[in-house]
Amino acid sequence: MGDFFKRVHVIVAGIPRGSVMTYGQIASIAGNPRASRAVGYALRATPSGTELPWHRVVNSKGRISFRETLQGDDDRSLQRVLLEGEGVVFRGSGSIDLGKYQVSF
DNA sequence: CAGCTGACGCCAT
DNA sequence: TATGGCGCCAGCT
């Protein structure tokens, strides 16, 4: 794992409960404003079992990118369920209000 | 060393 | 609003 992955890990670990950050934002803070894809790769490569709040990372449109069907609930992703569990409200279109939940620095 | 891939972003249609 | 195409960068083969 490169240094970039480590930084992404640290940044994501610091996202407060009930808030989110975008891939681009994380990439920027990590040092490479255009490495948003690499951020997704970093999260995907993260071994399960860690307590990394990966579900608090969404794309620039405030939408979920990675969908994992949940047993008995076709149209909902695990990520969405986890966020709703923290109080994040999804709009009918399936997006969240970034202006309200995104962490700002 | 040279592609290939992806939990993305941005702009044109 | 919804798609589609292309650029980007780090890791993997």
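Labels below follow one simple rule: chain letters A, B, ... track the order of the sequence lines, proteins then strands, and each chain is numbered from 1.
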Which pair of non-hydrogen atoms, one from [X] and one from [Y], has the smallest distance, and what is that distance?
X       : Y       : result
A/Lys61 : A/Leu98 : C-CD1, 4.2 Å
A/Ile29 : A/Ile11 : CG2-CD1, 3.6 Å
A/Phe4  : A/Ala35 : CZ-CB, 3.8 Å
A/Ala13 : A/Leu52 : N-CD1, 3.7 Å
A/Thr22 : A/Ser60 : CG2-CA, 4.3 Å

Look at the aromatic rings of A/Phe5 and A/Tyr41 and report parallel, tilted or perpendicular, splitting at 30° and 60°.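 Because their plane-to-plane angle lies in the 30° to 60° range, the rings of A/Phe5 and A/Tyr41 count as tilted.
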When you list every nucleotide of DNA chain B with an atom under 4.0 Å from a heavy atom of chain A, which one comes first 5' to 3', and which comes last?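 Nucleotide range in contact with chain A: B/dG6 to B/dC10.
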Taking only heavy atoms on the protein side, list every residue of residues 7-25 of chain A lying under 4.0 Å from any atom of DNA chain C, sorted numerically.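 Listed by number, there are none.
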Select from A/Thr46 and A/Lys61 the residue whose nearest nucleotide in DNA chain B is closer to the 5' end of that strand.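 Its nearest nucleotide lies further toward 5', so the answer is A/Thr46.
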Donor-acceptor under 3.5 Å (A/Arg80 side chain, A/Gly94 main chain):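 No, the answer is negative, given that no donor and acceptor are paired below the 3.5 Å cut-off.
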Check whether A/Gln79 reaches the backbone of A/Val57 with its side chain - one donor and one acceptor, N or O, closer than 3.5 Å.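 Looks like yes, one N/O pair under 3.5 Å.
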Stepwise, does the side chain to side chain contact (heavy atoms under 4.5 Å, CB included) test hold for A/Met21 with A/Val12? CA-CA 8 Å; A/Met21 278 218 239; A/Val12 174; over 6 Å; no
In B/S/- notation (B base, S sugar-phosphate only, - none; protein heavy atoms under 4.0 Å), nucleotides 1-9 of chain C written 5' to 3' is ------BBS
Checking A/Thr46 against A/Trp54 for the side chain to side chain contact (heavy atoms under 4.5 Å, CB included) test, could you report, in this order, the C-alpha distance in whole Å, the side-chain angles of both residues, the deciding distance, and whether it holds? CA-CA 9 Å; A/Thr46 300; A/Trp54 58 271; over 6 Å; no
